[in-house]
Amino acid sequence: MVSRKVCLAQEPESDKLLSEDDFALLTGMLLDQQFPLEHAFRGPKKIADRMNGFDIHRIAEADPEEFEELGATPPAIHRYGRSMARRTQELARYVVEHYDGITSEIWTRDDPDGKEVLRRLKELPGYGDQKARIFLALLGKQLGVRPAGWEKAAGAYSEPNSRRSAADIVDNESLLEVRAFKKQMKAAAKEAKAK
């Protein structure tokens with residue numbers, strides 16, 4: 001694993017887990033929908049606190065009902081705690097089944113190019129095209145994982161010094177800038193739809 005320090009949860013212990021555990025980072029990105037970004041990235045730490053550690057194999061093998069309850073217990077891992085706990089468990093099972101539980105294999109196995117890493121990310125449960133591109137940009141911009149052609153595969157999310165997504169958040173100020181950008185894009189889309 002590359003030595004890195006992310007600042008997505010805006011909370012030291014949560015960011016430490018995201019920085020040290022690839023599956024925690026993958027899970028935080030999974031939870032980043034219809035929920036404030038920094039709270040989504042705090043989800044893995046909540047799981048770790050309730051499971052006495054964050055272990056992809058234990059998550060994959062957990063009793064589904066118990067894991068849903070764990071996800072929904074206040075403070076929940078997400079606004080939709082139970083359904084996102086199910087998705088987290090599906091993601092863990094997928095990574096265990098396809099990558100032997102070694103998350104980084106998604107971007108390292110057989111020395112893939114950016115297009116292949118994007119394809120692998122899009123195959124993950126709960127990962128659509130945009131989420132996969134954002135995660136690929138996060139790998140490239142913040143973690144130094146830059147397979148050939150990653151910028152093209154990540155699209156606009158790879159632009160240097162942009163403030164489009166989680167890939168661009170390095171502190172509280174950049175979080176606010178990303179939030180403002182997203183708000184601006186939603187307003188523009190709403191306006192275009194009204195025409």
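All residue numbers in this chain count up from 1 along the given sequence.
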Closest heavy-atom pair and its distance - [X], [Y]:
X	Y	answer
Gly101	Ile56	O-CG2, 3.6 Å
Ala166	Leu8	O-CD2, 3.3 Å
Arg93	Pro64	NH2-CG, 3.7 Å
Pro44	Leu18	CG-CD2, 4.1 Å
Asp100	Arg109	OD2-NH2, 3.5 Å
Ala132	Lys122	CB-CG, 3.4 Å

So that I can tick it off, tell me whether [Y] and [X] are bridged by a salt bridge, with the cut-off set at under 4.0 angstrom between side-chain N and carboxylate O.
X	Y	result
Asp49	Arg42	no
Arg82	Glu69	yes
Arg120	Glu105	no
Lys16	Glu20	yes
Arg119	Glu116	yes

List in chain and number order the residues that pass side chain to side chain donor-acceptor pair (under 3.5 Å) with Ser14, two or more places apart in sequence or in another chain; answer none if no residue qualifies.
Glu11
Is there a side-chain contact between Ile106 and Thr103 (heavy atoms, below 4.5 Å)?
yes
Could you tell me if the side chain of Lys182 sits less than 4.5 Å from the side chain of Met185, heavy atoms only?
no
Can you get from [X] to [Y] by hopping between Ile, Leu, Val, Met, Phe, Trp and Tyr side chains that sit under 4.5 Å apart?
X	Y	answer
Tyr94	Ile47	yes
Phe181	Leu175	no
Ile59	Ile102	no

Look at atom CG of Asn52 and say whether more than 12 heavy atoms of other residues, nucleotides or ligands are closer to it than 6.0 Å.
no
Donor-acceptor contacts, no H, no angles, side chain residues 27-36, under 3.5 Å, sequence neighbours left out:
| unit_1 | atom_1 | unit_2 | atom_2 | d |
| --- | --- | --- | --- | --- |
| Thr27 | OG1 | Phe23 | O | 2.8 |

Between Phe135 and Tyr127, how do the two ring planes meet: parallel, tilted or perpendicular, split at 30° and 60°?
perpendicular
Would you say the side-chain atoms of Asp15 pair up with the backbone N or O of Gln10, donor to acceptor, closer than 3.5 Å?
yes
Measuring from Gln89:CD to Arg86:CZ, what's the distance to the nearest 0.5 Å?
10.0 Å
For residues 130-154, the side chain to side chain donor-acceptor pair (under 3.5 Å) pairs (sequence neighbours left out) are Asp129-Arg133, Gln130-Tyr157, Lys141-Ser162, Lys141-Asp168
